[in-house]
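No experiment lies behind these values; they were computed from the predicted model shown. So you know, we letter chains A, B, ... as the sequences are listed, proteins then strands, and number each from 1. We use all heavy atoms of the structure for the numbers below, so side chains are in, but hydrogens, waters and symmetry mates are not.
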Number of protein chains: 2
Amino acid sequence: MIRTQQLDATDRRILLALDEDPRAPIMVLAQRLGLARGTVQSRLERMAASGVLRGHSTRVQPESLGRGVTAEVSAELDQSRIDDAVAALRGIPEVLECLAPAGDTDLLIRVVATSPDDLYRVSEEIRLCPGIRRTSTRMILRTVIPYRTTALLAE
Amino acid sequence: MIRTQQLDATDRRILLALDEDPRAPIMVLAQRLGLARGTVQSRLERMAASGVLRGHSTRVQPESLGRGVTAEVSAELDQSRIDDAVAALRGIPEVLECLAPAGDTDLLIRVVATSPDDLYRVSEEIRLCPGIRRTSTRMILRTVIPYRTTALLAE
DNA sequence: GGCGCGCTGGTCAGATTGACCACTCTACTC
DNA sequence: GAGTAGAGTGGTCAATCTGACCAGCGCGCC
């Protein structure tokens, strides 16, 4: 298993500066941070190559794609068919993320939909995946603290 | 309430191209997509200005900041002190996200930690926030489907 | 028909980048 | 102490890109 490269203080400063302007030129970042242009360039290249950043599209708000409803689906699986279930879930575009927690629940699935009625459709689609025994859907009423890592970067 | 701008097919093509190379020059994107340079530039500017994209740092993997343990904390709140609770949660760097679901649980809190022991510390810190009556922590054992929106973009 | 919007293709000065180089500093090993 | 490797700085230069602006065209709306 590849060990995820750790970010040092310089990397974190660059990443925080990119929050201000994600497409800022390397020269501009270098001037703002008091670093050499080559340093910023090599750090960005290294971060891009090392997998410490997720894909650019993870920045896209699902609402802007017409999916204003978010929910979390808990699923219980047929233990011998986990791979089938996961493969089927991958095929559902509205499935944003799928985690395996400790405890009774087998999967926690983050989904989006265009409306409550559409959420019903997505939930049904999940329920009917092979290997899925039972599901429970909880609609998210509000995003109280939007996803962030800035506080960790700034430490 | 400001209505989130919707992304059209051209926007989505640009965003998918950015998944290939997040720092690709506008000229390169234009050539790849068969669009005029001015079109790509104006679309990127509009997406940047309209809030359809989250901050750049949302791309950062928490593991690369030493937080290899992820968990979900469910919290029950003192209804009259929700604002206090949320303000206190905002002050905890390890809190990545906080959602308000329908149902018995008042808050679903996504957290990270450096180790199971550190997770205990973070859970305690949350439990001791003003307005938080009771919490339940579930460690995430595995990310089965990493967060993605590519399937929605590609529709 | 007129108007507004968005796109294309264009220009041009200024800025940036990619690739390379030499030098310096630090940390590590022997 | 000497030698080595890695990382950063400051530099060069040709190629590329960008920002700002422009004219023309097509489409949708009134």
Validation row: A/D21, A/R23 side chains within 4.5 angstrom (heavy atoms):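 The answer is yes; the side chains approach within 4.5 Å.
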Positive for side chain to side chain contact (heavy atoms under 4.5 Å, CB included) with B/S64, one of A/T149, A/L152, A/V52: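 With B/S64 as partner, side chain to side chain contact (heavy atoms under 4.5 Å, CB included) holds for just one option, A/V52.
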Under a 4.0 Å threshold between the charged nitrogen and the carboxylate oxygen, would [Y] count as salt-bridged to [X]?
X: A/D8; Y: A/R43; answer: yes
X: B/E97; Y: A/R148; answer: no
X: A/E124; Y: A/R121; answer: no

Counting only non-hydrogen atoms, which of residues 12-27 of chain A are less than 4.0 Å from DNA chain C?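 Within this stretch, A/P25, A/I26, A/M27 sit under 4.0 Å of the strand.
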Length of the [atom1]-[atom2] vector between [X] and [N], whole Å:
X: A/L29; N: C/dA15; atom1: CG; atom2: P; result: 17 Å
X: A/Q31; N: C/dT17; atom1: CD; atom2: C1'; result: 14 Å
X: A/E45; N: C/dA19; atom1: CD; atom2: P; result: 8 Å

Does C/dC7 have OP1 or OP2 under 4.0 Å away from a side-chain N or O of B/R43? yes
Using a cut-off of strictly less than 4.0 Å, decide whether B/Q41 has a side-chain nitrogen or oxygen near OP1 or OP2 of D/dG19. yes
Is the closest side-chain donor-acceptor distance between A/R127 and A/T137 under 3.5 Å?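 No.
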Hey, does the side-chain of A/R37 have a donor or acceptor N/O within less than 3.5 Å of a partner on the base of D/dG8?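 Per atom types, no contact qualifies.
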